[in-house]
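Each chain gets a letter, A, B and so on, in the order the sequences are listed, and its residues count up from 1. The shown structure was predicted, so the numbers you read here are calculated from the model rather than taken from an experiment.
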There are 2 protein chains.
Amino acid sequence: MKVLIADDDPQILRALRIMLTARGYDVLTARTGAEALNEAITHHPELVMLDLGMPELNGIEVIEGLRGWSQVPILVVSGRTDSADKVDALDAGADDYVTKPFAADELLARIRALTRRTPTVSDEPVIRFGPIAVDLAARQVLRSTEAGSEIVRLTPTEWQVLDVLVRNPRRLVTRQTLLTEVWGPQYTSDTGYLRLYLAQLRKKLEPVPSHPRYLVTEAGMGYRFMPDADDPANN
Amino acid sequence: MKVLIADDDPQILRALRIMLTARGYDVLTARTGAEALNEAITHHPELVMLDLGMPELNGIEVIEGLRGWSQVPILVVSGRTDSADKVDALDAGADDYVTKPFAADELLARIRALTRRTPTVSDEPVIRFGPIAVDLAARQVLRSTEAGSEIVRLTPTEWQVLDVLVRNPRRLVTRQTLLTEVWGPQYTSDTGYLRLYLAQLRKKLEPVPSHPRYLVTEAGMGYRFMPDADDPANN
DNA sequence: GTCGGTCCTAACGCATCCCTAACGCAGGCG
DNA sequence: CGCCTGCGTTAGGGATGCGTTAGGACCGAC
């Protein structure tokens, strides 16, 4: 199992590497936030351990950068004990937060708990409907035309909205969950931008945007992604 | 979102209930391990907060009992700070571990982190009667016809009424309960719209809307959902 | 400084939904 | 037998929600 450790302190990096290697983990390391993002993109680790106080990009920015395209479990290991730091990191997308100094066996148990819960998030990370193919891992959308296939460009926000919807096929996603998933837990009332992004997504993905077939709206409740009826991906 | 809190200390129970209720969570409580398991089985909460030192069954046993059939996120809130306790709880199946005393905002952030990750993989509460299948999780109603199945569209209010009824199979639901559940606690007298929505539901769901078989009215009292007699889902 | 892209606000039709009002009908009761 | 109460049903107005367009604020790149 590949684990990425990002910390600017070589001491900690070395200690963690030894501890995890001895337990059979494959350890990748990074010393800056930018380096951490690069490593994550190229090697797709199954767990990311992150320090908050790194140069170039701080921990929160790294979390947001990761969460833009990956569901990998993120464990923050930080010297900051202030609860505000914890709240910020967790709300940004981290899954757990451990303060230094930490007990080695507890850290290992938390790592086991995090990796246990995600036994391969999705064995089929590419979702197809109509002429569209959504590759969640590669963060890419392709539309097949008669002359091959073309790349559909989506903005970050459009991606997050689409991500939530396609991860819940056939299920109703309420306006509120969509808002909190994309814009954060403090957003609960819609002033109208959800409609906007749904319209843009439909313009880019639907065969007939004015008559949506896959990104269906349920009046007064929310939205729903309806896969093709013959799609074998049913779960 | 339903949250089950299991703790033998009434003080903590009360504090947590207030804190979570204010944030919009539906709080269930239990004072013993056995009670916690019972509550979990009957109400299927989306998060379980657990104290380790409870009578009857200790925390670890409760975790194991839950994990036997449920993937619900488990957050341990315990006074024990020993790392061995944390390791045991986490390895038994808990997802996070917070020691008392805890910071309220951190606890809330951890709750958000835990519930965010699970897209409510909840067990499949599909209720069937006649040609109708009600999928509560997906918020979808299907009617099977000779040529496959078609989607039945329900308005939000129709959904809420149906939701209350099917969650109480064979039980009488008084007019007042229905009103307060759907329209809010201040509504107590019916000016006639309940009749309206029942009529619409019957028109959409009953085989013979003029002679209701599943959505039965009890004159002067309320309504009752009667499942098929041979339905194995009896609880 | 300029430019392109993205995010959000505001406003306007339009469809849908909620609720009121009225009428018909059945059963209970004096 | 006639009245009354409670429920089912229908139709229509008002309100809300949604899709759509246009335009300004903000930010990083060049």
Side-chain angles (χ1 to χ4, degrees), chain A residues 34 37 56-57 61 64-65 68-69 139 141 151-163 165 172-176 178-179 181-184 186-224, chain B residues 139 141 151-162 165 172-176 178-179 181-184 186-224:
Chain A
L37 282 179
E56 291 194 41
L57 291 173
E61 290 169 316
E64 289 169 349
W69 56 273
R139 202 176 170 73
V141 176
I151 295 178
V152 181
R153 278 182 52 88
L154 296 185
T155 72
T157 314
E158 287 166 7
W159 249 111
Q160 293 190 59
V161 175
L162 181 64
D163 188 280
L165 286 174
L172 174 82
V173 182
T174 66
R175 200 170 300 279
Q176 190 153 5
L178 220 33
L179 283 171
E181 286 278 334
V182 176
W183 280 273
Q186 62 271 28
Y187 286 79
T188 172
S189 69
D190 174 22
T191 64
Y193 33 84
L194 242 182
R195 302 198 303 252
L196 184 66
Y197 285 103
L198 259 297
Q200 287 175 352
L201 278 176
R202 291 206 256 245
K203 210 175 295 179
K204 292 180 179 179
L205 302 180
E206 287 277 356
V208 185
S210 55
H211 294 290
R213 178 179 161 187
Y214 301 107
L215 270 29
V216 183
T217 141
E218 300 283 337
M221 301 192 288
Y223 294 92
R224 186 196 306 269
Chain B
R139 282 221 157 186
V141 176
I151 295 176
V152 181
R153 278 181 51 91
L154 295 185
T155 71
T157 315
E158 288 166 6
W159 248 111
Q160 292 189 61
V161 174
L162 181 64
L165 287 174
L172 173 76
V173 182
T174 66
R175 199 174 303 279
Q176 190 151 8
L178 225 31
L179 283 171
E181 285 276 334
V182 176
W183 279 273
Q186 63 271 29
Y187 286 79
T188 172
S189 68
D190 175 22
T191 64
Y193 34 82
L194 240 183
R195 302 198 303 254
L196 182 67
Y197 286 104
L198 260 297
Q200 286 176 352
L201 278 176
R202 291 204 255 245
K203 206 177 299 178
K204 292 181 179 179
L205 303 180
E206 288 278 357
V208 186
S210 54
H211 295 291
R213 178 176 163 191
Y214 301 107
L215 270 30
V216 184
T217 139
E218 300 285 334
M221 306 169 64
Y223 295 92
R224 186 196 306 268

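Under 4.0 angstrom from either OP1 or OP2 of dG19(D) there lies at least one side-chain N or O belonging to R202(A). One finds no side-chain N or O of W183(A) lying less than 4.0 angstrom from the OP1 or OP2 phosphate oxygen of dC7(C). Within the 4.0 Å cut-off from OP1 or OP2 of dG8(D), not a single side-chain nitrogen or oxygen of S210(B) is found. For the pair Y223(B) and dG8(D), the criterion of a side-chain N or O lying under 4.0 Å from OP1 or OP2 is met. Distances shorter than 4.0 Å separate some side-chain N or O of Y197(B) from OP1 or OP2 on dC19(C). Contact annotation: T157(B) does not reach the phosphate of dC17(C) (side-chain N/O to OP1 or OP2, under 4.0 Å). For R175(A) and dG17(D), the shortest distance from a side-chain N or O to OP1 or OP2 is not below 4.0 Å. The side chain of T217(A) contributes no N or O atom lying less than 4.0 Å from OP1 or OP2 of dC18(D). Between K203(B) and dT10(D) there is a side-chain polar atom (N or O) within less than 4.0 angstrom of OP1 or OP2.
Between the CD atom of E158(A) and the C1' atom of dT6(C) there is a distance of 9 Å, given to the nearest Å. Rounded to an integer number of Å, the gap from L198(B) CG to dC19(C) P is 14 Å. Rounding to whole angstrom units, CD of residue E206(B) and P of dG8(D) are separated by 11 Å. Rounded to whole Å, the distance from CG on L179(A) to P on dC8(C) is 11 Å. Separating the CZ atom of R195(B) from the P atom of dA22(C) is a distance of 13 Å, rounded to the nearest angstrom. In this structure, E61(A) atom CD and dG28(D) atom C1' are separated by 14 Å, rounded to whole Å. In this entry the distance linking NZ of K204(B) with C1' of dG8(D) reads 17 Å, nearest Å. Distance CG (L196(A)) to C1' (dT9(C)): 10 Å, rounded to an integer number of Å.
Here the straight-line distance linking atom CZ of R153(B) with atom NZ of K204(B) works out to 7.5 Å at 0.5 Å rounding. Annotation: the span from L198(A) atom CG to L178(A) atom CG amounts to 7.0 Å, rounded to 0.5 Å.
Within 6.0 Å of the CD atom in E218(B), the count of heavy atoms belonging to other residues, nucleotides or ligands exceeds 12.
Taking 4.5 Å as the limit, every side-chain heavy atom of Y197(A) sits out of range of all side-chain heavy atoms of L154(A).
When heavy atoms are screened at a 4.0 angstrom cut-off, G192(B) is found touching no nucleic acid atom at all.
Across E158(A) and Q200(A), no two heavy atoms sit closer than the pair OE2-OE1, 2.9 Å.
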